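None of the values given here were measured: they were computed from a predicted structure. Side chains are part of it too, since the values below use all heavy atoms of this structure and drop only hydrogens, waters and symmetry mates. We name chains A, B, ... by the order of the sequence lines, and we start the count at 1 in each one.
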Amino acid sequence: MENNKKSKFGKYGGQFVPEVLMPALYELEESYKKYKEDPQFIAELHDYRSNFAGRPTPLYHARRLSKEYGITVYLKREDLVHGGAHKLNNTIGQTLLAKYMGKKRIIAETGAGQHGTAAAMAASSIGIPSEIYMGAKDIKRQEMNVYRMKLLGAKVHTVTSGSQTLKDAINEAMRDWATNVETTFYVLGSIVGPHPYPAMVHDFQSIIGNEAKAQILEKEGRLPDSIIACTGGGSNAMGIFHPFLNEDVELYAIEAGGSGLKTTKTAALHSASLCVGEDGVLHGARTKILQDKYGQILESSSIAPGLDYAGVGPELSRLVDCGRVIADNIQDFEALEAFHELSQLEGIIPALESSHAVAYLKKADDLGDLVIINVSGRGDKDLNTVMDRGI
Amino acid sequence: MENNKKSKFGKYGGQFVPEVLMPALYELEESYKKYKEDPQFIAELHDYRSNFAGRPTPLYHARRLSKEYGITVYLKREDLVHGGAHKLNNTIGQTLLAKYMGKKRIIAETGAGQHGTAAAMAASSIGIPSEIYMGAKDIKRQEMNVYRMKLLGAKVHTVTSGSQTLKDAINEAMRDWATNVETTFYVLGSIVGPHPYPAMVHDFQSIIGNEAKAQILEKEGRLPDSIIACTGGGSNAMGIFHPFLNEDVELYAIEAGGSGLKTTKTAALHSASLCVGEDGVLHGARTKILQDKYGQILESSSIAPGLDYAGVGPELSRLVDCGRVIADNIQDFEALEAFHELSQLEGIIPALESSHAVAYLKKADDLGDLVIINVSGRGDKDLNTVMDRGI
Amino acid sequence: MKHIADAFKRDKALIAYICAGDPTPDATTKIVHALIRAGADLIELGLPFSDPIADGPTIQAASQRSLQAGMNPDLFFDLVKTLPKTIPYAVMTYYNLIFHRGTMTFAKDCRNHGIAGIIVPDLPPEEADELGEACKKYNLDLIHFIAPTTTPERIERIIQSSSGFIYLVARLGVTGAREDLEDRTKSLIQQVHTDIPKAVGFGISNPQQAKEIINAGADGIIVGSAIVDMIARNTDDINKAVEEIETLTRKLKEGITR
Amino acid sequence: MKHIADAFKRDKALIAYICAGDPTPDATTKIVHALIRAGADLIELGLPFSDPIADGPTIQAASQRSLQAGMNPDLFFDLVKTLPKTIPYAVMTYYNLIFHRGTMTFAKDCRNHGIAGIIVPDLPPEEADELGEACKKYNLDLIHFIAPTTTPERIERIIQSSSGFIYLVARLGVTGAREDLEDRTKSLIQQVHTDIPKAVGFGISNPQQAKEIINAGADGIIVGSAIVDMIARNTDDINKAVEEIETLTRKLKEGITR
Ligand SMILES: Cc1ncc(COP(=O)(O)O)c(C=O)c1O
Ligand SMILES: Cc1ncc(COP(=O)(O)O)c(C=O)c1O
């Protein structure tokens, strides 16, 4: 069987899944190819994006932040998307596709609960049952999002295996999918997983960059010098980077530096797979991952639950290897500082994930004169975390 | 001194405030009249509305809700406004005006914390210090919003007088204003208070109705048969009603029926001032208010903190008297049902306030075939309340 | 029954505020007697309202004590009726209580029970037509305020529609005892040119302040929170309050008597 | 060293899975001996991975026990070296462990320590080129899967790239003992036409199931979770586990022997 070149980003990507899922991946690829050109699908997607999700989101000139750093800073306002993060861009796309494919239910994994909530939201509005897998540890620390999912009609499964966090929730969702693959659509939450997920999620999230490009041209008459996005799996980053890949714009993927780039026997104190991860295979794709010397996956760590993942999208691994995207990381305490800074200077409480991107303003050497930061989500979900650390 | 006709809505409205504030009301009226025609003010307001608040908000065709009720239901999505409610439409306007007027600080009252948060957001982005008055009882039950305000850099004052809720917070804000009137702008949170507040807030909130009118014409080629909005002070209601006042559209102002339209010696078990309130003077204006037989103000009550107020905008009192707006009320338990219904059918978790408007779909006799419901805010702030009552 | 103007006839006037029914109607009676003994020329009786936006913490608390003890407009007038009529009385209350009773009824009740003037902190002249007519009909004075923020033209117009006395607000803000006196208080007094007596209130608590105000040209001083504070401190020993109030009132009276 | 093919030479093959090092390397040695005594024809040794997506709760737990006890690829090969070579062994593991060691190194280690085949549940043929070459070089069989969802054309292509045996997945989902047998398992067996032996796994736990599968035309059965369950229940008395496993294995062997 010949190697599936189209499923790869250079050496990264691929389809490392059990045979039982392979036909589903082909079916998904075919269906996606078909429906993404289907005028009715396109129209319905556009309707949900505009009227349900609230797109386009603004590109906001952050006057006071700009003054603080002596450059012009724009914020791409994904925090205003329904549900509170860019995640809905993707779940609407995938859930609509599930409906067109005649699937009877969707499943999704979730770490912080943002993707799970977004999946549940898309599922109820589109009218398809949803079940969400979430690690027992995450369920405890993200009580409100669990409750939101239930309110939205989703069934939430507690995952007690492994480290009881996102990685294990993905494992469990894949097991469910393998069991119910004929009737079930697995709505993956980032540009990770086996082909065609990274490509498909990338497409659904590219709306961020497409809007931002038109908006910055309209407002400033030129492209930005750099774009900063936080990076867990990488979907908000690739979403905003994509239309700028062939432009003269520096792209910064900012990972969670946690409490420093150190590692214990079974756990990393960070989630910086692009920065210090090694080539490996996780959740269906070859990419940079956090692993021990034998290839066992390390637990990851971050104050931002949405960044707390041992892998990263294969496309980003590629782009970092070839130098097109610069990977760096921000530690918990720096992200917290930026969280407070943006709240006080601009009246926008960013998600702790997005705070990593904001924090890079301070850490960066030279971003040029015109910068876009992707504010991937709002921080309401993080208030308890920040409160616990003191205001 | 001749009676100030322009400050009245029929017999309602007026300027019942201490002399020390009268010159400030005239100054405010003059400044507002001047700046609302000022191209720079208009442009800046438009910029904040679009890029900070996220306007226009969508008009969403709620397919599954429509099916459930056999009519076509659209939702005006104020839940997507930055901060989570329509409140920011108003606070941006007033805070910008404060800046143009050269004021050095803004103050605001808040009940649920939504207006306070919106005021703090506007203040930080516009760059002016903010202080928020909030009743001690409300501070206890709305911990997260208190924290949001502090994060945004606002100073929050605990009001321990009276019933320690919204009405007392307004009293206290007025006292602060009387003390610091020369340097301070009082950002009022609804279409209440002395002239020119009701007219000014009405103007700032009319963006809701202006958008909705254009949107429904574009989508349906005709005006709706009815529009439903929840009503505390009445700002989201008047905001969406206004451009339809001279059209053949039924307008429903839905108040909080609490646990029934009964009253104890010092407290109403509801907040239905339009439905059962009596003519009186509160917080600077003549309007319908909840009062005892001597004219003492009653404490009000509602599961929705934003509706929990003993008064209502004078303009609405007028419109209800003359039959142009129909007032009705929804009890706590009905609002809770609607909260769950909208979450599960449409993937939108409404504010408990807005849930009152949604619930009216079920209670109403005949709304016609095409209905717009104003979803004034999102329900994230209410999760604890609903949780406490059981899912 | 005395008129408001009588308070200003002999000498500079000492106007005392207490909240009727704080902490009980009986206490109010005792305190009124003491005030009269000590030389008060006019007593402002507060009719407590649930939401007193122009008052600071002291008078808010007094209002709450009084309401909690059951005070209401009916009882208020009953109480007033029993008070000695050797000096004039004004009622100080918020507009909703008047509006709700009906302006005519309220004015008539005042007249019938021995109230000579009405002071409404949330009723600027712009909104006072209706109550003004009722006052005219029942021969009551409707007292207006002039504040430090009031513009010169506005001062003129307020003077035009005033009778009894004009209530000059000593400072920005709400009622409440303070020790200092602002320069702008004095300049405000000097700005208001009229034959109608000018009494200054808000924050006056000691003889020194009182003297300065009179020296600056005022015809009277109004003392409220300083007196109410004494009640608040002695709600369980009202005789002690009466004593303290009598002493303070005497000193204030001395302060304004040349 | 035996080859995978040897397992299918005499009779229908009984293939037993255990996770190496669960709960200790010594236990594994004892269990392997018991399996051989009871008639197992091929042993699949699990090299535990932190994130076993194709496994159900039973084998996940086994992997965790083994990892917790310190199992790693180095120790794995050390352990394998000591096992009796009267039957062939296959290693069952996830691709990242192989990839991380390097496919060539991994294959060479297999060859040098007595492993004849490699089974990788997350490595479909599309991704198997590199490991396939390594296996060819070191004369190992790379075992592929056919699932109930695999299309006819795909079955053809998988057969083309297979050697040793073909792993037929009895049902949708993950590993785990079950009592029933689905009709589609039998039809899947009948759909796969090849000379390469077909062994059926996923959910086989009793002699009745085993017999039916063989009757439907399979060349072997694979039993994993049923055996691992016995270890899980007796981690503190491994001799008891050994006994139970030996009994079950005998019965299964009888079930598939005509
Ligand atoms: C607000 C927010 N930002 C970023 C992320 C990280 O995901 P990604 O890297 O795929 O954008 C998450 C994930 O939950 C999130 O909630
Ligand atoms: C979401 C929401 N809706 C409605 C209201 C009621 O205010 P109004 O009647 O002025 O729209 C509030 C007040 O806080 C609110 O937060």
Pairing of C/Arg184 and B/Glu182 as salt bridge, 4.0 angstrom limit: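 Salt bridge present between C/Arg184 and B/Glu182.
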
Ion pair C/Glu127/B/Arg286, N-O distance below 4.0 Å: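 No, this pair does not count.
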
For B/Phe16, the option from C/Phe99, C/Tyr95, C/Tyr94 that meets ring-ring contact (aromatic ring centres under 6.0 Å, His included):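 Of the listed residues C/Phe99, C/Tyr95, C/Tyr94, the ring-ring contact (aromatic ring centres under 6.0 Å, His included) partner of B/Phe16 is C/Tyr95.
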
Would you name the heavy atoms of [X] and [Y] that are closest together and state the gap between them?
| X | Y | answer |
| --- | --- | --- |
| B/Arg175 | C/Ile53 | CG-O, 3.0 Å |
| B/Ile297 | C/Ser50 | N-OG, 2.9 Å |
| C/Thr149 | B/Pro23 | O-CG, 3.3 Å |

Take a 6.0 Å sphere around [atom1] of [X] and say whether it holds more than 12 heavy atoms from other residues, nucleotides or ligands.
| X | atom1 | value |
| --- | --- | --- |
| C/Asp195 | CG | no |
| C/Lys186 | NZ | yes |
| C/Gln160 | CD | yes |

With chain C, which of [options] has the greatest number of heavy-atom pairs at distances under 4.5 Å?
| options | result |
| --- | --- |
| B/Glu172, B/Met174, B/Lys293 | B/Lys293 |
| B/Ser161, B/Pro18, B/Ser163, B/Pro194 | B/Pro18 |
| B/Val281, B/Leu21, B/Leu282, B/Ile170 | B/Val281 |
| B/Lys167, B/His283, B/Glu278 | B/Lys167 |

What part of [X] gets closer than 4.5 Å to chain B, counting heavy atoms only: side chain, backbone, both or neither?
| X | answer |
| --- | --- |
| C/Pro57 | neither |
| C/Pro121 | backbone |
| C/Phe145 | both |
| C/Ile98 | neither |

Does [X] reach the side chain of [Y], with side-chain heavy atoms less than 4.5 Å apart?
| X | Y | answer |
| --- | --- | --- |
| C/Glu126 | B/His195 | no |
| C/Thr151 | B/Tyr26 | no |
| C/Ile158 | B/Glu19 | yes |
| C/Asp51 | B/Asp168 | yes |
| B/Val181 | C/Leu172 | yes |

B/Asp292 portion near chain C, given a 4.5 angstrom heavy-atom threshold: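 The backbone, not the side chain.
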
Segment of B/Leu298 engaging chain C (4.5 angstrom heavy-atom cut-off):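 No part of B/Leu298 comes within 4.5 Å of chain C.
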
Test log, rule side chain to side chain contact (heavy atoms under 4.5 Å, CB included), inputs C/Asn96 and B/Gln296: CA-CA 8 Å; C/Asn96 196 51; B/Gln296 305 291 0; over 6 Å; no

Heavy-atom pairs under 4.5 Å with chain B, option from C/Val169, C/Thr150, C/Asp122 with the top count: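 Most heavy-atom pairs under 4.5 Å with chain B: C/Asp122.
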
Greatest number of heavy atom pairs closer than 4.5 Å to chain B - which of C/Asp74, C/Val120, C/Leu123, C/Ile146: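 It is C/Asp74.
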
Spatial distance of atom CD (C/Gln60) from atom CG (B/Asn171) [nearest 0.5 Å]: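 CG of B/Asn171 is found 7.5 Å from CD of C/Gln60.
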
